[in-house]
Structures are given as C-alpha cells and as structure tokens.
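These numbers come from a predicted model, not from an experiment.
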Amino acid sequence: MSVYDVTMRPLMAAAKHVKSIRKADFASSLLRLFDFKIPRVFGIALSGGVDSMCLAYLSAAFARKHGTKIFAFTVDHKLRDDSSAEAKSISNVLTTQLGDPDAHIRHEVLELDWKYADKSPHVIERTARTLRYRALAKACVKHRIEHLLLAHNLDDQIETVIMRLLRGSTSRGMAGMRRVSWIPEGHSTYGGHHVKILRPLLLQPKVRLIATCLGAQLPWFEDMTNHDPTYTKRNAVRYLLSQPEKLPLALRPQNLAPLCERLSDKRRQADSAGLRLFMQEMDKGNIRFSKPAMTVVWKMRSETYEGMNINSLASFIQRLVNMVTPLDLSDISSRRYREVVTKLLNRTETTFTFMNIQWTHSTKAVTRSRRVRPAYLNAQHNGENLTASPFGAHKLQSDKLAKKSRFSLIVNRPNAKEEKQEVVVEHYWTLARQRIPAFNQPAVVMMVPPSGWSDWKLWDGRMWIRLRWEDKKDGAAPKPVVIRPFSDMDRNTISKFGPAVERTFLAKTRVIHGLEVSTLPVLHDPELARMIAMPNLKFYIGPRELLCETIPKNQDILTDRR
C-alpha cells in the first residue's frame, strides 16, 4: 500500500458523506477577515492541490457576488520535471471551469530562481518557503494587492502545532497559524510589508474541502512529494496524523483543535495588550527613534511593566526590536523574547545583544519639583459660642458634638504653595545595530539611470534607498553606485579634504556615537574609489551630484503601527 493510499484515500471516502462548504458561509468568514471592507482586488495562492482549488472556487463565487477581481498566483518551484506542465494545466482549469467575465480571474505563474539558493535536503523546505513568499510578495506589490488568501485548513493547523510541539515551542507557538498575519519575507520587497495574509479556511477540516471540490466536479492536481514522509518533516507529521488511532489521546486531531483555538484567543489578547502599550509609550515620548542614527532610545518605567503578562511584554518587545533589527522576525520564537523581558525586568545585565542589536542600559538622575499646599491640624478650646472649624466645604464635627467636646480640630490650609524637590532615577535602554563584522559587510550595487529615480533597494535589512542624478544626463549610460557601511577608510578620505570638511563631518556626527556611525550607509563611487556621501547625515564630499531618498524599513511601525 502506498503512502497516498494511507493519507488521502480515507479522506476521499469520508468526503462522500460530509457536507461541502457553503458559499454564503465562506463569504461571511472572508468579509470578517476583510474587516467588512471589500478590496477592489485580492490575490490567492493557487498550488493546484485540492485545498487551493477549493479556495479558488469559493473565492470566484465571492468575487462575482461583490464585483471584485482576483489574481491567482501559481508558484512553479522548479523542483519537479512536470511542474511547468502542471502550472499550465491549472491555468486551463481556471479558464474552463472558473473563468467568468464578471469575476475577471487572472492567472499568473511565478517561476522560482534557484541559481544562488541552497538545495541541500535538510534546508530545501525552508529555502523553498522563503523563495515562494518573496515571489508572492513581489507579485502582490506589482498588482497593488493588499490581501493574499492562502488555503491552509484545520489539518494543516494541526500539523503545524505538532511540528512546533516537537521543537519545544511555548504556548504562543502552540496556538498555530494566525487567520490574519503579515506576509513573511515582505521586508525584502519594497511595499511588501503592507501585504496581509488571510486564511479563511483555517477552521475547516480538509475533508470538507475535498467534499466541496467533489460537489463542484472541480479537478485538482496531487503532488506526490507531499505524501513522501522521507521528503520533509511536515510530510512525516502528515503521515503520522493519518493514523490517529496510533497517537496518544492528547495528540489526536479532535483534541488538538480546541486547544489551538483557546491558545489563539490568549495570543490575540496578549498581542492587543502589547500594541496598546507600544502606542501609549510612543504617544508619551518614552520611545524615540532617531532616523539619522537608526537607533531607538526607550525610557523604561518599571512600574508600568512589572504587572503585565509576560506574553504581552514579549509582544511589546517584538515591536521595539523590529524598529532596529536587520533580521526578519517571522521565524523567531516567542521564548527568546520572553528571555529578553526577564533580563530587562530583573536588570541582570547592563548590556547584551539580541537580534543583531546592541542593548545598552543607562541611568539619569532627574530632580523634579512638586508644588504642594501643606495642611496644619490645630486643636481649639470650645467656649460657649464656639463650634468646629470647617474642613473645606464641610464641617469636621457637627455643632452638637462640638458643644459637648472641650476641643475642636481645625485644619488650616494656607494659600501659598511650597515647592518640594525629589531626585528620581530614570532608566533608559538604547537599541542600536550591532557592529557589523568585517567579513560580513552588507553591500548593494545600484545602477543609477541617467534620468529619473533608480529602483528601491533594501540595505542591511534596515533601510530602503533609491538614487537619482541631480541634473539629467540624457544619453549617458547608467552608473553604478555601491552602498556599504562607514569604515575607517572613510575617515582617512574625509581628512584628505581639509579641516572644513572634517569640521562639517564632526558637526553632523556630534549626536551619534562611534558605534552607530560604523553601522550607517555610505555611497561609494567605484570610479573615484572613495565615498561620496552619507545619506542619513546629509553629508557630501565634493559637489552634490547625487540625490538620495531613504526610508527606514520600520516606517510602517512609526506611522500606522501595524
């Protein structure tokens, strides 16, 4: 018996007795994921399998009803000999069975380039995922698509949870995939970080997706490598789950599904609390981002954070890290963020590194003045006509009680206010890019056209840069410009241009420490064999012939705080 017989045939048999997914139910679920704002166009990832064909079928019905458009993207991984022919067959199915002039479904095949990628067996699954999402992000940006639908279902969710359990994930990881998230690898494509991933079928078991395709008489294409348990870890887990009677009760799908939902609710609550804290600290000025230095200074107020849930603080720290780090955060476990939270709250270290960021703790003694109006309490002897003195708008004692007692208490509040001074120690954390090692210097070669702006390039995973010549040079050939980190060689270059240039450089870098200067980008002219500018500091050597526009990768965090 083949592996396919073990994994798929039982589902095919069960699908004949299961209700298919109603178009109205799918539309209702998708509208909620859209926040009830139907986009003019959205995309779907169409692999050709039963899951994605079901998604295409239901999405086409949604598009016809609501008058929107769909781009269906099929990624040709180029790992199988018949992958290109299969992509063409998928296109034919869309045209013949789902094609509708009102829905305007368009199909595109995205071919992956493995020229510089690692095809080693132990990393091929991860590499393919990275290349796949990069291709999808570029396609979405090209067609101005902000929502990309994926066909992940409940069976995929359970597989993900089992895989995370095997590698020791925390409760956040055990919550599984999110129904709404930002596209992985979006940071590597300009504008890609605005693309959202939606999973409208995540709560549906795979057997219902099969039933839907069977009911619509919709063919699909089975990739037999998905049923080979020796090919990837996910395939091995899929094969294991196809025989639930051999699993412990706690790991069976019917018990894992409700656990995922409960943990997912807790994760959403923690993320919401982390976002509220981040917005609050930004609004109060306790988080300051320096665009010239690409650093963050965070004023840490322990009384605010100590009572919070550690997962909420981990979500807050993740947003803080994303402002500075050159790395992609999609594959970083929540356990590592919780370890950072523990260090920060316990103040066990004054400096450490995390996510290629240098964290440095500092304190500052601040004298604060408070204007107070003191109150004095006096006792007064009660005579025949004396009553208790008033306390504000009220009497401290009633007249009857005052006559019976020998003394009344009087509160005197002088109009003058006295100033009290107190010394408070404030704690700050500075987050800066870790010093870039000499053997791993990030360098980007940009071809600047004779007129107009060049394409955007991501440098060091932190900054988008594009260039143009100040004066148009029609007829000239594109000129290469290298973007690299600042180095000691550049200090020697600056010194050769005289004291005036050195003074300008020192003035520009006065507020930036030496460590941060070495992590800033430099525009290098290969023809002159020297630096010509530091765009972050608006510092130029010689005539300013080149215009530069820079945008921090985290610009979305500083504006819409996604």
Can you find a pair of side-chain heavy atoms, one from L46 and one from L94, that are under 4.5 Å apart? yes
Between D271 and R178, is the closest basic N to carboxylate O distance under 4.0 Å? yes
Is the shortest heavy-atom distance from the side chain of K206 to the side chain of L154 under 4.5 Å? no
Would you call R208 and D155 a salt bridge, taking side-chain N to carboxylate O under 4.0 Å as the test? no
Looking only at non-hydrogen atoms, find the nearest pair between C213 and V50 and report the distance. SG-O, 3.6 Å
Looking at W182, is K196 sitting on its ring face, NZ or CZ under 6.0 Å from the six-membered ring centre and within 45 degrees of the normal? yes
Would you confirm whether the ring centroid of Y305 sits within less than 6.0 angstrom of the ring centroid of W429? no
Do the non-hydrogen side-chain atoms of L345 and M300 ever get within less than 4.5 Å of each other? yes
Any side-chain donor-acceptor pair under 3.5 Å between S83 and H77? no
Contact summary for L55 and P200, nearest pair of heavy atoms: CD1-CG, 4.0 Å
Are the side chains of V93 and P219 in contact, using a 4.5 Å heavy-atom criterion? yes
Return yes if some donor-acceptor pair links the side-chain N/O of Q157 with the main-chain N/O of M177 below 3.5 Å, else return no. yes
Does any N or O in the side chain of T96 come within less than 3.5 Å of the main-chain N or O of N92, such that one atom is a donor and the other an acceptor? yes
Can you name the nearest heavy-atom pair linking R199 to S181, along with the distance? NH1-OG, 3.5 Å
Keeping the roles fixed (side chain from T212, backbone from I21), state whether a donor-acceptor pair exists under 3.5 Å. yes
Does any N or O in the side chain of S52 come within less than 3.5 Å of the main-chain N or O of A151, such that one atom is a donor and the other an acceptor? no
Only one of F316, W359, F289, F278 forms a ring pair (Phe, Tyr, Trp, His ring centres under 6.0 Å) with W298, so which one is it? F316
At what distance, to the nearest 0.5 angstrom, does CD1 of I357 lie from CG of L327? 8.0 Å
Considering all heavy atoms of both residues, which atom of H107 and which atom of A87 are nearest to each other, and what is their separation? CE1-O, 3.7 Å
R462 to M294 - nearest heavy-atom pair and separation: O-CE, 3.5 Å
Could you tell me if the side chain of E108 sits less than 4.5 Å from the side chain of T74, heavy atoms only? no
Is it true that R468 and E549 have a side-chain N and a carboxylate O under 4.0 angstrom from each other? no
Side-chain (N153) to main-chain (D156) donor-acceptor, under 3.5 angstrom: yes
Evaluate the ring planes of F71 and F73, with Trp represented by its six-membered ring, and classify them as parallel (under 30°), tilted (30 to 60°) or perpendicular (over 60°). parallel
Would the distance check show the side chain of S89 and the main-chain N or O of A85 forming a donor-acceptor pair, the cut-off being under 3.5 Å? yes
Which of parallel (below 30°), tilted (30 to 60°) and perpendicular (above 60°) describes Y190 and W456? parallel
Looking at G461, is its backbone amide N or carbonyl O close enough to the side chain of K553 to form a donor-acceptor pair, meaning the two atoms are under 3.5 Å apart? yes
Please list every donor-acceptor pair under 3.5 Å in which a side-chain atom of residues 28-37 meets a protein atom from a residue at least two apart or in another chain.
| unit_1 | atom_1 | unit_2 | atom_2 | d |
| --- | --- | --- | --- | --- |
| S28 | OG | R32 | NH1 | 3.1 |
| S29 | OG | R179 | NH2 | 2.8 |

Between Y337 and F354, is any pair of side-chain heavy atoms under 4.5 Å apart? yes
Of all the heavy-atom pairs spanning V41 and H143, show the shortest one and how long it is. CG1-O, 4.3 Å
Atom pair CD1/CG of I44 and L150 - distance to nearest 0.5 Å: 10.0 Å
Side chains of V75 and L136: does their closest heavy-atom pair fall under 4.5 Å? yes
Please tell me if the side chains of L256 and I162 come closer than 4.5 Å, counting only heavy atoms from C-beta onward. yes
Taking salt bridge (Lys or Arg N to Asp or Glu O under 4.0 Å) as the definition, give me every residue that meets it alongside D76, ordered by chain and number, with sequence neighbours left out. K78
Counting only heavy atoms from other residues, nucleotides and ligands, does the tally under 6.0 Å from CD of Q217 exceed 12? no
Is R164 atom CZ crowded by more than 12 heavy atoms from other residues, nucleotides or ligands, each under 6.0 Å away? yes
So, for Y57 and W220, is the gap between ring centers shorter than 6.0 Å? no
Closer than 3.5 angstrom, by distance alone: can the side chain of T68 be matched with the main-chain N or O of R40 as a donor-acceptor pair? yes
Within 45 degrees of the ring normal and closer than 6.0 Å to the centroid, is that where the cationic atom of K343 sits relative to F352? yes
Between K291 and T550 (side chain of the first, backbone of the second, donor and acceptor by atom type, cut-off under 3.5 Å), is there such a pair? yes
Crowded around D82 CG? As in, over 12 foreign heavy atoms under 6.0 Å? yes
